[in-house]
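Data block below; observations after.
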Amino acid sequence: QVQVVESGGGLLQAGGSLRLSCAASGRTFNLYTVGWFRQAPGKEREFVARIIWNPDNTIYRDSVKGRFTISRDNAKNTVYLRMNSLQPEDTAVYYCAVRSDGYAEIDPHEYPYWGPGTQVTVSS
């Protein structure tokens with residue numbers, strides 16, 4: 001099994017930037033598919049971005065394209081989500097999810113391992 005933990009959330013004003021980190025255990029982290037999801041108050045969990053073993057193979061939801069960047073540092077067993085030009089609509093708990101034994105896309109059910117989440121709050 002894989003342990004997953006997010007960090008880097010916080011409180012900031014609209015237009016600001018934040019970088020979230022997702023650390024996952026395992027000797028084969030370089031092969032993991034890692035996704036970011038978020039859940040705002042009163043809303044369903046939604047897909048944000050994902051990255052596979054090939055760091056050039058990334059997917060983003062339309063509303064964050066051009067603002068968010070997902071990347072990975074396999075030497076640190078860490079995936080990052082750089083978030084620029086943050087808006088109040090981005091306010092949510094952000095979750096990191098991992099699939100260790102194959103590919104995954106945008107469906108949360110494709111990811112068996114999840115972190116506890118980190119809060120991002122953007123004020124207007």
Side-chain angles (χ1 to χ4, degrees):
Q1 48 215 18
V2 178
Q3 284 72 53
V4 183
V5 61
E6 307 92 339
S7 62
L11 202 62
L12 71 166
Q13 291 183 275
S17 297
L18 213 53
R19 187 180 72 165
L20 305 184
S21 298
C22 172
S25 66
R27 294 177 176 84
T28 58
F29 177 86
N30 59 305
L31 303 179
Y32 293 178
T33 296
V34 180
W36 285 97
F37 297 79
R38 66 188 182 187
Q39 187 164 23
K43 298 190 67 179
E44 289 190 341
R45 180 176 50 186
E46 65 183 19
F47 170 79
V48 178
R50 83 101 171 91
I51 189 168
I52 65 168
W53 63 269
N54 180 352
D56 296 322
N57 189 320
T58 57
I59 301 173
Y60 301 90
R61 70 177 298 109
D62 287 345
S63 63
V64 309
K65 286 179 180 176
R67 299 191 297 124
F68 290 12
T69 302
I70 189 169
S71 62
R72 66 193 302 155
D73 185 343
N74 292 331
K76 295 184 177 182
N77 270 215
T78 300
V79 163
Y80 302 102
L81 184 69
R82 177 68 179 181
M83 305 183 294
N84 295 326
S85 302
L86 283 162
Q87 300 299 314
E89 309 86 75
D90 297 312
T91 294
V93 176
Y94 282 71
Y95 297 95
C96 180
V98 170
R99 184 181 178 99
S100 62
D101 63 352
Y103 293 102
E105 302 297 336
I106 67 172
D107 189 340
H109 297 295
E110 297 179 282
Y111 298 83
Y113 305 106
W114 292 77
T118 186
Q119 176 71 229
V120 173
T121 302
V122 185
S123 62
S124 60

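Just so you know, these numbers use all the heavy atoms, side chains as well, and skip hydrogens, waters and symmetry mates. Nothing here was measured: the structure is a model prediction, and the numbers come from that model.
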Among residues at least two apart in sequence or on other chains, which ones pass ring pair (Phe, Tyr, Trp, His ring centres under 6.0 Å) with [X]?
X: Tyr94; result: none
X: Phe68; result: none
X: Tyr60; result: none

Give the minimum heavy-atom separation between [X] and [Y], together with the two atoms involved.
X: Ala24; Y: Val2; answer: CB-CG1, 4.0 Å
X: Pro112; Y: Val98; answer: CD-O, 3.2 Å
X: Ala14; Y: Gln87; answer: CB-OE1, 4.2 Å
X: Ala104; Y: Tyr111; answer: CB-CZ, 3.5 Å
X: Val5; Y: Pro116; answer: CA-CD, 4.2 Å
X: Ser123; Y: Pro88; answer: C-CG, 4.4 Å

Strictly under 6.0 Å, is that where the ring centroids of Tyr113 and Tyr32 end up?
->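 No, they do not, as the ring centres are separated by 6.0 Å or more.
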Could you work out, with side-chain hydrogen bond (donor to acceptor under 3.5 Å, both in side chains) as the rule, every residue matching [X], not counting sequence neighbours?
X: Asp101; answer: Arg99
X: Asn77; answer: none
X: Arg19; answer: none
X: Gln39; answer: none

Check: [X] side chain, [Y] main-chain N or O, donor-acceptor pair, under 3.5 Å:
X: Thr78; Y: Lys76; answer: yes
X: Arg67; Y: Ser85; answer: yes
X: Thr118; Y: Gly9; answer: yes
X: Arg61; Y: Phe37; answer: no
X: Thr58; Y: Ile70; answer: no

Got a sec, which residues hit salt bridge (Lys or Arg N to Asp or Glu O under 4.0 Å) with Asp62, two or more places apart in sequence or on another chain?
->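 Asp62 satisfies salt bridge (Lys or Arg N to Asp or Glu O under 4.0 Å) with Lys65 only.
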Contacts of type salt bridge (Lys or Arg N to Asp or Glu O under 4.0 Å), residue Arg38, not counting sequence neighbours =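 Here the qualifying residues are Glu46, Asp90.
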Spatial distance of atom [atom1] ([X]) from atom [atom2] ([Y]) [nearest 0.5 Å]:
X: Met83; Y: Leu18; atom1: CE; atom2: CG; answer: 4.5 Å
X: Thr33; Y: Ile51; atom1: OG1; atom2: CD1; answer: 9.5 Å
X: Leu31; Y: Ser100; atom1: CG; atom2: OG; answer: 9.5 Å
X: Arg82; Y: Leu20; atom1: CZ; atom2: CG; answer: 10.0 Å

Is Val4 reachable from Val48 through a run of hydrophobic residues whose side-chain heavy atoms are each under 4.5 Å from the next?
->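 Yes; Val4 is reachable from Val48 via cluster members.
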Does Val64 share a hydrophobic cluster with Val120, counting links as ILVMFWY side-chain heavy atoms below 4.5 Å and allowing steps through other members?
->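 Yes, one cluster joins them.
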Quick one: list whatever passes side chain to side chain contact (heavy atoms under 4.5 Å, CB included) with Ile59, sequence neighbours left out.
->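 Residues passing side chain to side chain contact (heavy atoms under 4.5 Å, CB included) with Ile59: Phe47, Arg50, Glu105, Ile106.
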Among residues two or more places apart or on two chains, list those pairs meeting disulfide bond (SG atoms under 2.5 Å apart) that have a residue in residues 61-118.
->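 Listed once each, the pairs are Cys22-Cys96.
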Cation-pi check, Arg45 to Trp114: give yes when NZ or CZ is under 6.0 Å from the six-membered ring centre and within 45° of the ring axis, no otherwise.
->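 Yes, Arg45 and Trp114 form such a contact.
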Any chance you could pull the hydrophobic cluster mates of Ile52, using side-chain heavy atoms under 4.5 angstrom and chaining through other members?
->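 Members alongside Ile52: Trp53, Tyr103.
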Check whether any side-chain heavy atom of Leu81 sits under 4.5 Å from a side-chain heavy atom of Thr69, and report yes or no.
->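 A side-chain contact under 4.5 Å is absent here.
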Side chain to side chain donor-acceptor pair (under 3.5 Å) between Thr121 and Gln119, worked out | CA-CA 6 Å; Thr121 302; Gln119 176 71 229; 3.2 Å; yes
